Amino acid sequence: MKSRKHLLRWASGIMLVLGVGHLSLLALTAGESIAGWVDRGVWAAVPLMLADGAETVESFRNSVTFWAGPGSFAVPLILLGSLTWHLAGRGVAVPAGIGWGLAAWCALGGVLLVPSPYFAGVIAGVFVIVAARKDDRSGAAREREMDLA
């Protein structure tokens, strides 16, 4: 079986690929909307108030692009993947609750949005859970050894 560090590195790699892949696909499919934000200013992405009180097709497209990109799960998933990679390098286990939450969230997303790569996130969550349990078992083994000594 792989070590805890390898499991966490695989989990973080999956999270990073999912997050960066999501943002990259958005840039390819909605590049015009994103370029429009640069021209009109960042606040044009999701305006707080509509000019005439009615939503236009362009404002709806801007909102969808924002919530599909920078406002989506991709940015937090990239951050979580980076943190997991960093902690794995230091030999620190990510709590199993994070893995359970990630696995449940990705399973629900995968069921609601079929076909999608959400199910790869379930694998990342399982890797985090297994890595955390390896840490618990090694700690329990250390305690037993200390009791015997």
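All values reported here derive from a predicted model rather than from experimental measurement. Start at 1 with the first residue, then count along the sequence.
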Q: State yes or no: do Ile129 and Trp10 share one hydrophobic cluster built from I, L, V, M, F, W and Y residues joined by side-chain heavy-atom distances below 4.5 Å, directly or via other members?
A: no
Q: Show your working on side-chain contact (heavy atoms from CB on, under 4.5 Å) between Leu23 and Ile78 and close with a plain yes or no.
A: CA-CA 10 Å; Leu23 290 179; Ile78 291 169; 3.8 Å; yes
Q | Residue pair Arg4 / Lys134: nearest heavy atoms and the distance that separates them | A | N-CD, 4.0 Å
Q.
Taking Val92 as the starting point, is it possible to reach Leu102 by hopping between hydrophobic residues whose side chains are less than 4.5 Å apart?
A. yes
Q | Note, Leu26 side chain near Ile34 side chain (heavy atom, < 4.5 Å) | A | yes
Q) Shared ILVMFWY cluster between Leu108 and Ile98, side chains joined below 4.5 angstrom? A) no
Q: With the side chain counted from C-beta on, respond yes when Leu80 and Pro76 share a heavy-atom pair under 4.5 Å apart, and no when they do not.
A: no
Q. Ile14 pairs by side-chain contact (heavy atoms from CB on, under 4.5 Å) with which of Leu18, Val17, Leu16?
A. Leu18
(Q) Show every side chain to side chain donor-acceptor pair (under 3.5 Å) that has at least one partner inside residues 89-107, sequence neighbours left out. (A) His86-Arg90
Q. Closest approach of Ser116 and Gly109, non-hydrogen atoms and distance?
A. OG-O, 4.3 Å
Q: Establish whether Leu77 and Leu113 are linked, either directly or via other cluster members, by ILVMFWY side-chain heavy-atom contacts under 4.5 Å.
A: yes
(Q) The test is side-chain contact (heavy atoms from CB on, under 4.5 Å); show your working for Ser12 and Leu8 and say whether it passes. (A) CA-CA 6 Å; Ser12 64; Leu8 289 175; 6.0 Å; no
Q) Of all heavy-atom pairs between Ala88 and Arg9, which one has the smallest distance, and what is that distance? A) CB-NE, 3.9 Å
Q.
Could you report the tightest heavy-atom contact between His22 and Ala74, atom names first, then the distance?
A. CD2-CB, 3.6 Å
Q: Locate the shortest heavy-atom distance separating Cys106 from Gly121; write the atom from each residue and the value.
A: SG-CA, 3.5 Å
Q: Please step through side-chain contact (heavy atoms from CB on, under 4.5 Å) for the pair Leu83 and Leu79, ending with a clear verdict.
A: CA-CA 6 Å; Leu83 177 65; Leu79 293 173; over 6 Å; no
Q) Heavy-atom distance under 4.5 Å between the side chains of Met15 and Thr84, does that happen here? A) yes
Q | Closest contact, heavy atoms only, Val128 versus Ala11 | A | CG2-CB, 3.8 Å
